[in-house]
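Read through the structure below, which is laid out as structure tokens, and then see the notes.
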Amino acid sequence: MRSERFRPPSPQVGVVRSIFGSRHASNLVSTPGIRFDLRAGVSVPSWLVSEQPETNAVTSDDDLPEQMRVRREKRARLLERGVDPYPVEVPRTHTLREIRENHPDLEPDTATGEMVGITGRVMFIRNTGKLCFATLREGDGTELQAMLSLNRVGETALSDWKTDVDLGDHVFVRGEVITSRRGELSVMADEWRLTSKALRPLPVAHKQLAEETRIRQRYVDLILRPQARNTVRSRAAVVRSLRDSFDRRGFVEVETPMLQTLQGGAAARPFVTHSNALDIDLFLRIAPELYLKRCVVGGIEKVFEINRNFRNEGSDSSHSPEFSMLEYYEAYATYDTNATLTRELIQEAATAVAGSHVVTLADGTEYDLSGEWTTLSMYESLSDAVGEQVTPDTSAAELLALCDRHGLEVDPKTGHGKLVEELWEHLVGDHLHAPTFVRDFPVETSPLTRQHRTKPGVAEKWDLYVRGFELATGYSELVDPVVERERLEAQARLGAAGDDEAMPVDEDFLRSLEYGMPPSGGVGMGIDRLLMALTGLGIRETILFPLVRPE
RNA sequence: GGGCCGCUAGCUCAACUGGCAGAGCAGCGGACUUUUAAUCCGCGGGUUCGGGGUUCGAUCCCCCGGCGGCCCA
């Protein structure tokens, strides 16, 4: 219902947004539902200005839950007393981490004489009669205790502390580094002040937040759960490791278009948007492949991109409509050398995040990524699994019979390639746990891959399976522009026949190939999946702000 | 798309067969100069996801809708 209220009627959007584009924000004043642009003298409904729900706006305090009302009243009282609950700057001298590092092992009940100014969010608070305790925390998770005693800060500052400070507030404390009688490293305050008043209470720290709340309010999840903070840092470490690995090997990082005029590079349904300037529909990219290959044609012979792809498909524990992808291409590489480089990239990322090629997953089990990895051939491993020979010549009818015998329901119109892959996933892929390369796929389902140099009917393509899911895929790329055109035209015919995952013919891409692309290898790898592989977390944990339906 | 489960205080959860809507933490008031999920005394806090129905009476049963989760396709 609420989303209905904020959805703009599409025909007006472009017009009104362009009005805003030419006006400075300070010309806007707000009233509860409507905002006026003073200079233009036009009124604009609030849904064009802000997509935030109005439910929790400051307006009517009577409707607020008690605890939020209390905190707002505290803020207002502070302002009346001339105290800014959100000061611009405070004289911080040390981070909490620095103080911990400088004083690793003081005896209990020590006074160092060192005066410091510290800041942090109040995560724990104990207000006793004449001595108060608070545990402060800073961004990296480091905590330090602040103490306020009557004889150091005086009666007013102590009672202000008790009445003004709530769990979750940010505070500044200036005082002496000491240890408490219990031995807790602390700062004994001479003065304190609020640095940011929290208007919402933190959820109780000792109960797990509901999964939905963790995702919808990730900032709260990050405040409360160390694992959430670690995941963000692990992801950053993995991405940095990949970039370093490529940099050391002489690869160049590029950024290719996310707004594209044609969908291409993968079989997937795209998101569609519209360009007002060009008055044409654009697609959010489903893969960067066709642009990276243009780079190789142009002479950027070792090239990679780490960025977002968008696929207008399902959203569940292993799929996100928006996901990060690594693709890299290398001239004179093949799917053999690719496999080695991909293994090294993953092993180096494991070292960056876990310090070892053996990683510890979220459930506490270990996963071994070390050494060389198993390699299977798709047709041979499938033949072994079904107990009879399956080759590129096996007919669709025979494959359908195999599906039937193994309890696999498939559309009887399915062709050879998809049947082989379905059977393989069901009988072999689902049972793979250790890192495994599966090689030599049906040509039919690999339109951008070259035929195997000796084995007829298969393509030089591998998939890498880690912990049973597909982590990466690599190819010896098809660079013959004539064959490529045949493949793309076949895809386009599928598209015309109603397959909305099929690619149209990208004439500019074909033109680039016609200038000559050196023999090359290419690889695609899901960054979110790499994180999942290295940490054992679900995709909605590895993505900071996954797409969720509006509240 | 189908099936099942869930939605109750700021948070995490109770509430027997349909009978006064509760607890812990958090909050408010008070006591306490060494607390670590402190302790003690007192108090407040609810559109039980929304709408409709059955009933003397609905958090509970029925219908429609919303959001989420799990399984299947």
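Numbered from 1 within each chain, the chains take letters A, B, ... in sequence-line order. When reading the values below, keep in mind they use all heavy atoms of this one structure, side chains included, and skip hydrogens, waters and symmetry mates. Computed from a predicted structure; not experimentally measured.
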Under 4.0 Å between a side-chain N/O of A:Arg69 and OP1 or OP2 of B:G45, yes or no?
->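 A:Arg69 to B:G45 OP1/OP2: no side-chain N or O under 4.0 Å.
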At under 4.0 Å, does any side-chain N or O of A:Lys130 touch on OP1 or OP2 of B:U33?
->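 So the side chain of A:Lys130 is within the cut-off, an N or O lying under 4.0 Å from OP1 or OP2 of B:U33.
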Gap between atoms CG and P, on A:Leu224 and B:U12 respectively (whole Å) =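 My rounded result for the distance is 10 Å.
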Provide, to the nearest angstrom, the distance between the CG atom belonging to A:Asp221 and the P atom belonging to B:C11.
->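 Rounding to the nearest Å, CG of A:Asp221 and P of B:C11 are 15 Å apart.
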Heavy atoms under 4.0 Å, any strand shown: does A:Glu211 hit a base, just sugar-phosphate, or nothing?
->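 Result for A:Glu211 = nothing.
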Hey, does A:Arg216 reach any base, or is it just sugar-phosphate, or nothing, if we go heavy atoms under 4.0 Å?
->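 Result for A:Arg216 = sugar-phosphate.
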Nucleotide N/O to protein N/O under 3.5 Å, stretch nucleotides 25-30 of chain B:
residue : atom : partner : partner atom : Å
B:A26   : O2'  : A:Gln67 : OE1          : 3.3
B:A26   : N3   : A:Gln67 : NE2          : 2.9
B:G27   : O4'  : A:Gln67 : OE1          : 3.4
B:C28   : OP1  : A:Lys74 : NZ           : 2.4

Under the ring pair (Phe, Tyr, Trp, His ring centres under 6.0 Å) test, which residues partner A:His433, sequence neighbours left out?
->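 Ring pair (Phe, Tyr, Trp, His ring centres under 6.0 Å) list for A:His433, sorted by chain: A:Tyr367.
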Using side-chain hydrogen bond (donor to acceptor under 3.5 Å, both in side chains) as the criterion, list what pairs up with A:Asp109, not counting sequence neighbours.
->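 Once residues adjacent in sequence are excluded, A:Asp109 has no partner under the side-chain hydrogen bond (donor to acceptor under 3.5 Å, both in side chains) criterion.
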According to the side-chain hydrogen bond (donor to acceptor under 3.5 Å, both in side chains) rule, which pairs have a member within residues 220-229 of chain A, sequence neighbours left out?
->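 Output for this query lists A:Arg218-A:Asp221, A:Asp221-A:Arg225, A:Arg225-A:Glu541, A:Gln227-A:Thr231.
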Taking only distance into account, with no hydrogens and no angle test, what donor-acceptor pairs under 3.5 Å do side-chain atoms of residues 461-469 of chain A form with protein atoms, sequence neighbours excluded?
residue  : atom : partner  : partner atom : Å
A:Trp462 : NE1  : A:Tyr335 : O            : 2.8
A:Asp463 : OD1  : A:Thr473 : OG1          : 2.8
A:Arg467 : NH1  : A:Met532 : O            : 2.8

Looking at the side chain of A:Gln145, which of B:U12, B:U34, B:U36 is the nearest nucleotide?
->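 Among the listed nucleotides, the one closest to the side chain of A:Gln145 is B:U36.
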To the side chain of A:Pro203, which of B:C70, B:U12, B:C11 is closest?
->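 So the nucleotide nearest the side chain must be B:C11.
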Applying ring pair (Phe, Tyr, Trp, His ring centres under 6.0 Å), which residue pairs with at least one partner in residues 136-170 of chain A are found, sequence neighbours left out?
->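 Sorted result for residues 136-170 of chain A: A:Trp161-A:Trp192.
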Using heavy atoms to find the nearest nucleotide of RNA chain B for A:Glu212 and A:Ser186 separately, return the residue whose nucleotide is more 5′.
->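 By nearest-heavy-atom nucleotide position, the 5'-most residue is A:Ser186.
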Could you pick out which residue, A:Val548 or A:Thr135, lies toward the 5' side of RNA chain B when each is mapped onto its nearest nucleotide?
->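 Whichever sits nearer the 5' end wins; that is A:Thr135.
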